[in-house]
Structure formats: C-alpha cells, structure tokens
Trainee: 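One structure, as structure tokens, below. Some questions next.
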Amino acid sequence: MKWPAMGYARVESLDELWQVLDAAGPEAQILAGGQSLLATLSFRLSEPSGLIDITRIPALRGVSVTGGTLRLGALTRHADLGRDPLVAAHAPILAQAAPLIAHPAIRNRGTIGGSLALADPAAELPACMVALDATIVVASRSGERRVPAADFFQGLFTTDLQPGEIITAVDVPVATPASRQTIVEVTRRSGDYAMAGLAAVLAVTADRTVDAARLVFFGVGSGAEIARGASVALTGTKLTQATIAAAQGALAGDLDPPGDLHGGPELKRHLARVLTARALGPFLAPAEQAA
Amino acid sequence: MNRRIDITLTVNGERVSRSVDTRLHLIDFLRMELGLTGAHTGCEHGVCGACTVRLDGDPVRGCLVMVASLDGSVVETIEGLSDTGEIRDLQEAFVARNAAQCGYCTPGMLVTAADILVESPEATREEIREHISGNYCRCTGYQAIVDAVEDVLKARRTSEAA
Ligand SMILES: Cc1cc2nc3c(=O)[nH]c(=O)nc-3n(C[C@H](O)[C@H](O)[C@H](O)COP(=O)(O)OP(=O)(O)OC[C@H]3O[C@@H](n4cnc5c(N)ncnc54)[C@H](O)[C@@H]3O)c2cc1C
Ligand code: FES
Ligand code: FES
C-alpha cells in the first residue's frame, strides 16, 4: 500500500528537534533510517501525523572511545558497525552482529538508535546491548538520562523511552583481554529475523575459569531475555563440556518461549540449547573442542 | 509540518528540483516524476530488492526511502550505471550467462552486484550468494546470476593483475 498522508520536517540540531516535537504533538514520530518505520507505513500499521527526520543532526553521529567506554551515536548504521575498526576492537559482538541484520541495502540505512527504540523481540542489537551491559543514553528538552540496557527494554516493542525523548547514543564498556563475545542465530533464510538467537558475553581467565557470563536470547520471547540460570551455571568454574551441559539444562527454567509461525515452544527450547553449545564451544580448551 | 517539500537532488549526474508529496517513495518519484522506469517496485515494504538503487554511493531499498528527505542527495539508477559504462562487463556477463529471464529483478540485482565488485572483489560464491540474499529472483534460481558475478570478479582481478 502507499503511505498515508503525513507531514515531514527535517531538523538539523537537538534544539530544533525539541521545538518541532513540541509543535508537532504526540502523533508525530521520529524518522531515522526508516527501515522499519517506512515499512510499517506501507502496511498502515501506523499512521503518524508527521515524521521528524533526525538523520542530519551531527550530535547523533560518530563512534569514539573515551576511557573504558565505546560511544556509538544513535545514527550509527548497521553497515558502520560491521566495518568500524573501533567497534571491531572494543565490542566485537557488534561487528559480528551486523552481517546478521537484514541485507546490505537495509544495513546501509538502518541505525542502532532505530533498532533499539523499536525493540523487536527477534532483533540482534537489543540482545547484544543487554549482554554487553551497555547504557542507553536518552535525551529530551529537559536533559539527559542514562538507562542500563537491561532496564531499557521492557517487553514486546516496548522500551523505557518517554514521550518527547530520543536515544542519542549508546555507551558500551570496552572489551578486556578476558572478554569473550559471540552472537549466533538460526534463520530459515539469510537476513531474516532470527527464529532464535543468542548473544553471549563472558569474562574468561587464562586458565579458562569463567569470572562472569551473560547469556541473552532473542526471538524466543517478548524481547532480549537474560538466561540467569544458565549464566550462573557457567560462572565461577572452568568452562568445560560439563558446564555447557549444565547451562543447557538451566535453560528449562530460564526461558518460557511462546510458539510463533516457525513452530511451538519445544522447537524454541531445542534451538536455545543448540545455540548455547554453538556459542560456547569455540571457547573450550582445544582438546575438549575436538571431543 | 508540511506535506509538500521542495528538494534539489542529483539523479544520474543531473540536478533535479521538485516539490514532492511526502507520501512518495524514491522509486515512485524516479518512475513517475522523472520517467526513469529501470528501478522496479515489487513488495514496496523492503523484502524483495527489486527497487535497489544507489543513494550517496550505497545501494539502498528505494521503496524504504522518502523522497522528501533527499534534499542534497545523490541518486544513481540502473540508467545512470548503464550510461557511465561502470557495469558494462557485468551486464554483458548477465547476458552471456542467461542471468535474466523475465528481467523484473535485474536492475536491482545489477545494482547489488555492482556493490560486490566494489566492496568485496575477492568474494567467493558463498559470499556472492550472501550479498544478493536480499534480492529476490523468481525465475533464474540464482545459479546463473552467481555465475555471472563470479565471471566478472575473476575477469577484473585478472585485468588488474596484468
Ligand atoms: C526486510 C527487512 C529485514 C530486516 N531484518 C532485520 C533483522 O534481521 N534484524 C534486525 O534487527 N532488524 C531487521 N530489520 C530492521 C532494521 O534493522 C531497521 O533498520 C531497524 O529496526 C530500525 O532502524 P531505523 O534506523 O531504520 O529506524 P526507523 O525505521 O527510522 O525507526 C524505527 C522506530 O524507532 C524510532 N526511532 C528511530 N530512531 C530513534 C531514536 N534515535 N530515538 C528514539 N526513537 C527512534 C522511530 O520513531 C520508529 O518508531 C529488517 C528490516 C527489513 C525491511
Ligand atoms: S519493492 Fe522495495 S524491497 Fe520490494
Ligand atoms: S529474472 Fe525474473 S525475477 Fe529474476
């Protein structure tokens, strides 16, 4: 279907954004890459009174590292995540995630801010941000707010964003030598949203003791789901086939997946166990990997 | 907020100024306002790739771009890429390999394939498949398309080495 009739305004700064937001009223929406929003307009799933284009605001751009923090501007495109050397060095899971998101032409437009604001339950980036313990930086006319990713995502397409607020950036703690980061997923076709996926961030010492673990699933619930039991099963002990099996066993209590058009809850549970082994296997001692 | 926006952009090297409706996506603009009918629409919601064109140097889904947002942008379509000769070898390989049947997907496929030539000159068959995974072809079964792209990658590598 063609898009509904609506207004459009492009803003060049945050100050201008606040003015236009005030004037436009609550029915107006923010337009970033448009790769989800414009598709929903085609389905008439949403009929905003107008779109406010934030893509020319310089303050929302750029990737930088300060101290122990990697800052990603909200307008960082999926394609940028895939090729930025700072991202590859300091948050390798995001570089790994980029090629899993949609297709090249969509990655050239879609932004990190848009993906996080949308909070699709099968999206890669919200799960990565929870696994990384990142902080979502949110701003409105009245100032800035910093929200831990685990609190930001509140369920199916639902976030902590309040009316008049936008995401300006994401702050990610930089990887340490002990960091092990990986993202794996199952899709029927390349570029599809995941049937099930896992973003895992661990701290592993030289003798393979897991000091910290955060396993976050996507596509198996209403959003990015932290598998607390599985994460605990891995922590404080050496990573072995046995601890991976224990983590797989703990998933039964961690996840309560609904069925969807791909299959029932049992399929999702099975995929979650398979993904756990796929994600963690490469971090085992070489002798155990062969086993 | 306005429902008509004045824009000036560059399309295939020519400056174009228009007052456009906010409901218009880039492909309807190209086809209906400028008569450039090379880029097609299939699904109009981002899944088929028939609408792939180049925007500011990168391939994008034209059906997911609001033309009202394009003031100052640079657009290249299959017509432009044909005129400059940039992808002549690719087009010849598509013909030689029979990589187009009905041709509906072909303009979008060529724009995506042109991106492979620039972005990953060493691409394997697997990587070619991955790169064109967002461009649907209902006729060829893709094999001939991958053959054509692979031929051009090899030929370009050889001519560069020479
Ligand atoms: C065919 C297809 C396949 C896809 N596959 C995947 C996939 O596998 N995985 C995946 O994760 N995504 C996928 N996507 C979606 C894609 O990643 C989108 O780019 C992303 O979800 C939204 O980013 P955007 O910049 O395009 O946002 P937009 O579409 O512009 O906006 C999305 C929503 O976020 C709001 N918004 C945008 N930016 C901000 C901000 N800075 N602050 C506050 N609100 C904001 C908008 O108002 C809107 O409600 C796919 C899309 C398509 C068309
Ligand atoms: S018409 Fe744009 S992706 Fe199908
Ligand atoms: S040639 Fe017919 S869709 Fe590709």
Side-chain angles (χ1 to χ4, degrees), chain A residues 1-12 20-21 23-25 27-29 31-45 47-56 77 79-80 82-83 99-110 114 187-193, chain B residues 1-7 20-28 32 41 43-73 108-109 111-116 118-120 126-127 129-136:
Chain A
M1 234 183 289
K2 300 299 176 189
W3 299 334
M6 63 196 154
Y8 170 87
R10 175 202 279 182
V11 293
E12 315 271 340
V20 173
L21 269 173
E27 300 301 316
Q29 279 199 50
L31 175 68
Q35 301 302 287
S36 293
L37 178 50
L38 296 176
T40 65
L41 296 188
S42 309
F43 288 114
R44 299 287 175 97
L45 288 172
E47 297 205 13
S49 59
L51 300 184
I52 306 173
D53 182 350
I54 60 170
T55 57
R56 313 279 174 122
R77 301 172 308 162
D80 301 328
R83 58 175 165 239
L100 303 179
I101 304 171
H103 310 285
I106 292 169
R107 298 199 285 271
N108 284 332
R109 301 283 290 172
T187 54
R188 284 205 192 277
R189 299 170 306 188
S190 177
D192 280 1
Y193 276 106
Chain B
M1 267 188 280
N2 291 327
R3 292 190 176 181
R4 286 200 84 79
I5 305 287
D6 294 335
I7 56 167
V20 296
D21 194 299
T22 53
R23 298 185 62 194
L24 212 56
H25 58 59
L26 175 55
I27 303 305
D28 279 349
M32 302 195 304
T41 53
C43 65
E44 290 192 276
H45 60 258
V47 302
C48 76
C51 62
T52 311
V53 295
R54 222 184 248 173
L55 175 58
D56 296 326
D58 295 323
V60 302
R61 303 278 210 233
C63 73
L64 294 185
V65 175
M66 241 181 148
V67 73
S69 72
L70 291 187
D71 189 44
S73 298
M109 197 64 86
V111 174
T112 301
D115 190 51
I116 305 178
V118 178
E119 291 290 315
S120 28
E126 248 340 278
E127 287 161 348
R129 281 189 175 277
E130 174 66 31
H131 213 102
I132 63 170
S133 65
N135 289 73
Y136 287 6

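So you know, we letter chains A, B, ... as the sequences are listed, proteins then strands, and number each from 1. What's counted below: heavy atoms across the whole structure, side chains too, no hydrogens, waters or symmetry copies.
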Trainee: For Gly7(A), does its backbone N or O pair with a side-chain atom of Thr22(B) as donor and acceptor, under 3.5 Å?
Mentor: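 No, Thr22(B) side chain to Gly7(A) backbone: no donor-acceptor pair under 3.5 Å.
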Trainee: Taking side chain as everything from C-beta outward and backbone as N, CA, C, O, which of these in Cys63(B) sits under 4.5 Å from a heavy atom of chain A? Side chain, backbone, both or neither.
Mentor: backbone
Trainee: What are the two closest heavy atoms between Met1(B) and Gly50(A), and how far apart are they?
Mentor: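 It is CE-CA, 3.7 Å.
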Trainee: Among Ala68(B), Gly49(B), Cys43(B), single out the residue with the greatest number of heavy-atom pairs under 4.5 Å to chain A.
Mentor: Ala68(B)
Trainee: Do the charged groups of Arg56(A) and Asp71(B) touch, with an N to O distance under 4.0 Å?
Mentor: no
Trainee: If every non-hydrogen atom of Asn108(A) is compared with every non-hydrogen atom of Val60(B), which pair is closest and at what distance?
Mentor: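 Of all heavy-atom pairs spanning Asn108(A) and Val60(B), the closest is CB-CG1, 4.5 Å.
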Trainee: Chain A heavy atoms under 4.5 Å from Val65(B): which part of the residue, side chain, backbone, both or neither?
Mentor: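 For Val65(B), heavy atoms of backbone and side chain both lie under 4.5 Å from chain A.
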Trainee: Does any backbone or side-chain atom of Leu37(A) lie under 4.5 Å from a heavy atom of chain B? Answer side chain, backbone, both or neither.
Mentor: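 Neither part.
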Trainee: Pick one of side chain, backbone, both or neither for Arg189(A), based on which atoms fall under 4.5 Å of a heavy atom in chain B.
Mentor: side chain
Trainee: Looking only at non-hydrogen atoms, find the nearest pair between Pro99(A) and Glu130(B) and report the distance.
Mentor: O-OE2, 4.2 Å
Trainee: Just verifying a value: how many Å separate Phe43(A) CZ and His45(B) NE2, rounded to the nearest 0.5 Å?
Mentor: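 The CZ atom of Phe43(A) sits 3.5 Å away from the NE2 atom of His45(B).
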Trainee: If every non-hydrogen atom of Leu31(A) is compared with every non-hydrogen atom of Met66(B), which pair is closest and at what distance?
Mentor: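 For Leu31(A) and Met66(B), the tightest heavy-atom pair comes out as CD2-SD, 3.9 Å.
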Trainee: What part of Ile132(B) lies closer than 4.5 angstrom to a heavy atom of chain A: side chain, backbone, both or neither?
Mentor: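 Neither part; nothing is under 4.5 Å.
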Trainee: Looking at Arg10(A) and Ser69(B), would you say the former's side chain and the latter's main chain have a donor-acceptor pair under 3.5 Å?
Mentor: yes
Trainee: Rounded to the nearest 0.5 Å, what's the gap from CE on Met6(A) to CG on Asp21(B)? Could you check?
Mentor: 8.5 Å
Trainee: On a heavy-atom basis, which atom in Ser133(B) and which in His103(A) lie closest, and how many Å separate them?
Mentor: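 Minimum heavy-atom separation between Ser133(B) and His103(A): OG-ND1, 3.1 Å.
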Trainee: Pick from Asp192(A), Ile52(A), Thr40(A), Leu51(A): which one has the most heavy-atom pairs with chain B under 4.5 Å?
Mentor: Leu51(A)
Trainee: For a side-chain contact (heavy atoms from CB on, under 4.5 Å) with Asp58(B), tell me which candidate from Arg109(A), Arg107(A), Arg77(A) qualifies.
Mentor: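 Testing Asp58(B) for a side-chain contact (heavy atoms from CB on, under 4.5 Å) against Arg109(A), Arg107(A), Arg77(A) leaves exactly one candidate, Arg77(A).
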Trainee: What's the separation between atom CE in Met1(A) and atom CD in Glu44(B), rounded to the nearest 0.5 Å?
Mentor: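 One finds 10.5 Å between CE of Met1(A) and CD of Glu44(B).
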Trainee: What pairs with Glu27(A) under side chain to side chain contact (heavy atoms under 4.5 Å, CB included), at least two apart in sequence or on another chain?
Mentor: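 Applying side chain to side chain contact (heavy atoms under 4.5 Å, CB included) to Glu27(A) gives Ser49(A).
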Trainee: When rounded to the nearest 0.5 angstrom, what distance separates NE2 in His25(B) from OG in Ser42(A)?
Mentor: 7.0 Å
